[in-house]
Amino acid sequence: MLSSVGRAAIRRLVSTSSITASRRIAVSWPATYTVRYGRVFVQGFASAGRPKASTTTKATTKTSKTGKSTKSTKATKGTTKASAGKGRKKSTTTTAKKTTKAKSKTSASPKAKGRRIKRKREPLSPEKKLVVQRRELKKTAMFEEPKNLPDTPWTVYIFEQTKNKTVLPENLRNRMKEISELYKNLSASERQRLANAAEQNKLSNAAAYTAWVESHTPEETVAANKARYLLKRKFQYPASPHVVKLIRDHRIPKRPVTPYSLFTRARWASGDFAGRPFGEAAKAIGKEWLKLPDIERHAYDDLGKAARTEYEKEVEAVLHRKPSPRRITSKPPSEE
DNA sequence: CCGGACGATAATTGTTCGGT
DNA sequence: ACCGAACAATTATCGTCCGG
């Protein structure tokens, strides 16, 4: 049982040895989605992320800065049309298209016969295959998310103060300091105005995002997230933000809670661990769980089963597929 | 990629199990 | 076979806004 400490240590090792934490994939939800978010980690870099006070901090900070502005700029362009819900079918199947193209080409050159085409498709080196795969993944990844309006008082203020106003790069630093000073000295009513504007923007951001998500099918967003995940893992794409934002589709069923999760929830709710350090409490809860009498444990197992059943129903209804076969519920350690 | 302020969130612990 | 998401509370850190 070196588990806890040992595992954490290993994780830390992995994180430091793996060139910053930049491989983690994470999701960033719009503000209104207070729902729990999902975290997806790249294989082999599990928990490699957010370094605390360790030496990795600086490195991470430096590398992670890259390209955030780039991305936001791109996103800005897409803002307006985003909510309109443009491309309904981002067909995830490209085979049909290909066939069509091939046909038209054949007819274009009368001399070309069936045999010629055969010869053509033979090459396709491994490198090319990768290129093709990458292109397909990019297509299905749905990268054209709507851009957000500034949604905090501070960013709204920056927006107002700098938008469409020429600032030389060498003056940017001073300008920012000025704006900061101005911001600090704002009147209460002025702050309120900014807060209101931010709140308003937050609402329209959420609406735009939802509209965009719903302009695709749940299956499409699931495929898109898979594509994003693969792109990051196999192709390090996009290179700039080390965190990949997955599409948050409220229609996609959440994974069912496990019996242990339910137990954790109940133990925290009991108040027995109020004020105690998170890690310490988690360890204690884990021990409690392993010692839990069968009768009590079965209660959580039953709740877990119900959650699973509910999940199965949702998956079938929303994603039109069967969920993975149910695992044999593991038995408590204290078998008779 | 710079600057400052601040809302959002990943990491932390433990176990179980869905997904690939 | 193995990764990560499910739950909890807290907090350090990240991303965000602008222009050139």
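Naming: A, B, ... by sequence-line order, numbering from 1 per chain.
- Ring planes of A:Trp212 and A:Tyr209: tilted class, angle from 30 to 60°.
- Nucleic acid contact class of A:Ser180 (heavy atoms, under 4.0 Å, all strands): sugar-phosphate only.
- Going from atom CD of A:Glu296 over to atom C1' of B:dT15 covers 17 Å, rounded to whole Å.
- One cannot find a donor-acceptor pair under 3.5 Å joining the base of C:dA8 and the side-chain atoms of A:Thr264.
- Side-chain contact annotation: A:Arg267 with A:Thr264, donor-acceptor N/O pair under 3.5 Å absent.
- For A:Thr162, whose side chain is taken as the heavy atoms from C-beta onward, the closest listed nucleotide among C:dG20, B:dG18, C:dC18 is C:dC18.
- Using a 4.0 Å heavy-atom cutoff across all strands shown, A:Asn174 reaches no nucleic acid atom at all.
- Within the 4.0 angstrom heavy-atom criterion, only backbone atoms of the sugar-phosphate kind lie near A:Arg308; the bases stay farther away.
- Rounding to whole angstrom units, CG of residue A:Leu290 and C1' of B:dT13 are separated by 13 Å.
- The A:Arg326 side chain lies nearest to B:dG18 when the options are B:dG18, B:dG3, C:dG20.
- Under 4.0 angstrom from either OP1 or OP2 of B:dG18 there lies no side-chain N or O belonging to A:Lys254.
- Among the nucleotides C:dT16, B:dG19, C:dA8, the one closest to the side chain of A:Pro323 is B:dG19.
- A:Arg265 comes within 4.0 angstrom of the backbone, heavy atoms only, and of no base.
- Distance from the side chain of A:Lys184 is smallest to B:dA5 among B:dT13, C:dA6, B:dA5.
- The aromatic ring of A:Phe278 sits over the base of C:dA9, with ring centres less than 5.5 Å apart and planes inclined by under 30°.
- One finds a side-chain N or O of A:Ser324 lying less than 4.0 angstrom from the OP1 or OP2 phosphate oxygen of B:dG19.
- Atom CG of A:Leu186 and atom P of B:dA5 are 12 Å apart (whole Å).
- Phosphate contact (OP1/OP2 of B:dT16, side-chain N/O of A:Arg297, threshold under 4.0 Å): present.
- At whole-Å resolution of the value, CZ in A:Arg276 and C1' in C:dT10 are 15 Å apart.
- Summarising the geometry, the separation between CD1 on A:Ile179 and P on B:dA5 is reported as 12 Å, rounded to the nearest angstrom.
- Between A:Ile158 and A:Val222, the residue anchored closer to the 5' end of DNA chain B is A:Ile158, taking for each the nucleotide with the nearest heavy atom.
- Nearer to the 5' terminus of DNA chain B, by closest-nucleotide assignment, is the contact made by A:Arg191 (compared with the other of A:Ile285 and A:Arg191).
- Contact annotation for A:Phe159: backbone-only contact, meaning every heavy-atom pair under 4.0 Å involves sugar-phosphate atoms and none involves a base.
- Among the protein residues, A:Pro277 comes within range of no part of the nucleic acid, since none of its heavy atoms lies under 4.0 Å from any strand.
- At B:dG18, none of the side-chain N or O atoms of A:Lys322 fall inside 4.0 Å of OP1 or OP2 (strictly under the cut-off).
- For the pair A:Tyr157 OH and B:dA5 C1', the computed distance is 13 Å after rounding to whole Å.
- Distances shown here put every side-chain N or O of A:Thr152 at or beyond 4.0 Å from the OP1 or OP2 atom of C:dT16.
- Toward the 5' end of DNA chain C, the nearer of the two residues A:Ser261 and A:Val167, judged by each one's closest nucleotide, is A:Ser261.
- Considering only side-chain N and O atoms, A:Arg255 lies nowhere under 4.0 angstrom from the phosphate OP1 or OP2 of C:dA6.
- Contact annotation: the side chain of A:Glu310 approaches that of A:Lys313 to within less than 4.5 Å [non-hydrogen atoms, C-beta and beyond].
- Look at NZ on A:Lys283: it is 23 Å from P on C:dC7, rounded to the nearest Å.
- Taking only side-chain nitrogens and oxygens, A:Lys226 never comes nearer than 4.0 Å to OP1 or OP2 of B:dG19.
- Note on A:Tyr183: only backbone sugar-phosphate atoms sit closer than 4.0 angstrom, heavy atoms only; bases stay farther off.
- The side-chain heavy atoms of A:Phe263 and A:Glu296, taken from C-beta on, include no pair separated by under 4.5 Å.
- In this structure, the side chains of A:Phe235 and A:Leu130 come closer than 4.5 Å at one or more pairs of heavy atoms.
- Under the 4.5 Å side-chain criterion, counting only non-hydrogen atoms from C-beta, A:Thr309 is in contact with A:Arg326.
- Minimum atom distance to the side chain of A:Pro150 is reached by C:dC17, of the listed B:dA8, C:dG15, C:dC17.
- Applying the 4.0 Å criterion to OP1 and OP2 of B:dT13, one finds that A:Lys287 has every side-chain N and O outside that range.
- The phosphate of C:dC17 (OP1 or OP2) has no side-chain N or O of A:Lys163 nearer than 4.0 angstrom.
- A:Leu319 has its CG atom 16 Å from the P atom of B:dG18, to the nearest Å.
- Inter-residue side-chain proximity for A:Asn196 and A:Gln200 is flagged as unmet; no heavy-atom pair is nearer than 4.5 Å.
- Put simply, the side chain of A:Arg308 reaches to within 4.5 Å of the side chain of A:Pro323, judged on heavy atoms.
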